[in-house]
Amino acid sequence: MEDREMTIPRALVRRPSPRLPEGLVTHIDRSPVDLDLAVRQWEGYAAALQDAGWTTVEVEPAEDCPDSVFVEDTVVVYGSVAVLANPGAPERRPEVAGTAEVLEEHGYTLVEIEAPGTLDGGDVLKHGGTVWVGVGGRTDVEGASQLRAHLEPLGADVRTVPQTRVLHLKSAVTALPDGTVVGHEPLVQDPSVWGERFLAVPEESGAHVVLLGGDRVLMAADAPRSARRFRERGLEVVEVDISEFEKLEGCVTCLSVRLRSLPG
Ligand SMILES: NC(=O)NCCC[C@H](N)C(=O)O
């Protein structure tokens with residue numbers, strides 16, 4: 001790995017569309033989204049990444065795509081390969097082209113999930129060499145099997161996980177730096193998938209962490225009891241208010257794509 005890759009971690013982000021308040025809701029009731037507040041929260045989120053040493057790279061805004069701020073759903077990055085998603089919600093498919101453009105400019109090898117398979121990046125949890133894919137919501141069996149075909153030659157161990165209680169797998173579980181998988185139990189279909197590695201957290205948003213590097217994690221501000229538990233485990237927790245995105249079933253994870261080993 002080149003020095004530059006080691007020293008400049010980058011994260012893709014995408015400015016909210018003016019049509020954000022029209023974003024999809026599936027598992028919760030719709031409530032009004034304050035666009036101005038959402039933009040301020042998005043800026044706060046990007047600033048938190050930057051404060052933690054990440055260079056943010058903006059994907060061209062997609063003004064006609066209400067959900068485009070949730071950039072994570074458009075791609076799965078693994079090493080130097082970017083697997084372009086085929087989002088399970090047809091309305092979101094036009095979002096993928098902008099992400100592809102930026103990743104191509106940055107030297108990634110692009111491959112894609114092809115119809116009839118569907119896959120959203122939010123259904124893919126990676127840690128170490130293991131990749132868990134939530135199947136049953138926006139991602140289907142065919143999409144997961146195409147992802148496996150792309151990633152197994154790269155050495156990934158790809159495992160499918162049933163997932164229907166929330167929008168995406170990473171709305172239910174994410175991983176702490178040491179590989180502990182955290183989830184709010186009522187929303188996790190089958191915690192036994194993770195065995196001893198599973199840690200229950202008391203709040204829904206407590207299950208959503210973005211790894212910022214080292215022992216530092218980013219999470220939403222509305223899970224203070226989970227944040228306390230993480231601090232007790234020795235983690236440094238950065239909290240951001242993302243209330244307007246949560247009204248559209250968004251989490252901290254879905255607002256960026258972290259590029260840990262940028263090629264070229
Ligand atoms: N990865 C994520 O959790 N993405 C959130 C997407 C929310 C958006 N309103 C959607 O339904 O697609």
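The first residue of the sequence shown is numbered 1, and numbering continues consecutively from there. Just follow the structure's listing: the first ligand is 1, and inside any ligand the first atom is 1.
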Hey, any chance L218 and V57 share a hydrophobic cluster, counting ILVMFWY side chains that come within less than 4.5 Å of each other, even indirectly? no
If you measure from the Lys or Arg side-chain nitrogens to the Asp or Glu carboxylate oxygens, is any gap between R231 and E239 under 4.0 Å? yes
Heavy-atom nearest neighbour in the protein, as seen from atom 7 (C) of ligand 1, with distance rounded to 0.1 Å: L248 O, 3.1 Å
Suppose we measure from atom 8 (C) of ligand 1 to each protein heavy atom; which comes out shortest, and what is that distance? D67 OD1, 3.2 Å
May I ask whether K170 has any heavy atom positioned less than 4.0 angstrom from an atom of ligand 1? no
Among all protein heavy atoms in this structure, tell me which lies nearest to atom 5 (C) of ligand 1, with the distance rounded to 0.1 Å. E249 O, 3.5 Å
Set of residues satisfying side-chain contact (heavy atoms from CB on, under 4.5 Å) with respect to E104, sequence neighbours excluded: L110
Quick one: do the S243 and Q41 side chains pair a donor with an acceptor below 3.5 Å? yes
What part of D120 sits under 4.0 Å from ligand 1 if we count only heavy atoms: the side chain, the backbone, both or neither? neither
Between V69 and L248, is there shared hydrophobic-cluster membership here, with clusters defined by ILVMFWY side-chain heavy atoms closer than 4.5 Å? yes
Should S226 and E203 be marked as a side chain to side chain donor-acceptor pair (under 3.5 Å) after you check the CA-CA gap, both sets of side-chain angles, and the distance that decides it? CA-CA 7 Å; S226 305; E203 297 130 323; 2.5 Å; yes
Tell me: protein heavy atom nearest atom 1 (N) of ligand 1, and distance? D73 OD1, 2.8 Å
Distance to 0.1 Å, residue and atom name: give those for the protein heavy atom nearest to atom 11 (O) of ligand 1. R138 NH2, 2.9 Å
Would you check, one step at a time, whether the test side chain to side chain donor-acceptor pair (under 3.5 Å) holds for R233 with T180? CA-CA 11 Å; R233 291 173 68 94; T180 299; 3.1 Å; yes
Shared hydrophobic cluster, L212 / I242 (ILVMFWY, side-chain heavy atoms < 4.5 Å): yes
Per-atom contacts, ligand 1 versus L167 - under 4.0 Å to a heavy atom: 5 (C), 6 (C), 7 (C), 10 (C), 11 (O)
Which ligand 1 atoms are under 4.0 Å away from a heavy-atom of G122? 1 (N)
What part of H168 sits under 4.0 Å from ligand 1 if we count only heavy atoms: the side chain, the backbone, both or neither? side chain
L24 versus ligand 1: do any nitrogen or oxygen atoms come within less than 3.5 Å of each other? yes
So which of E72, H27, R92 gets nearest to atom 12 (O) of ligand 1, if we judge by its closest heavy atom? R92
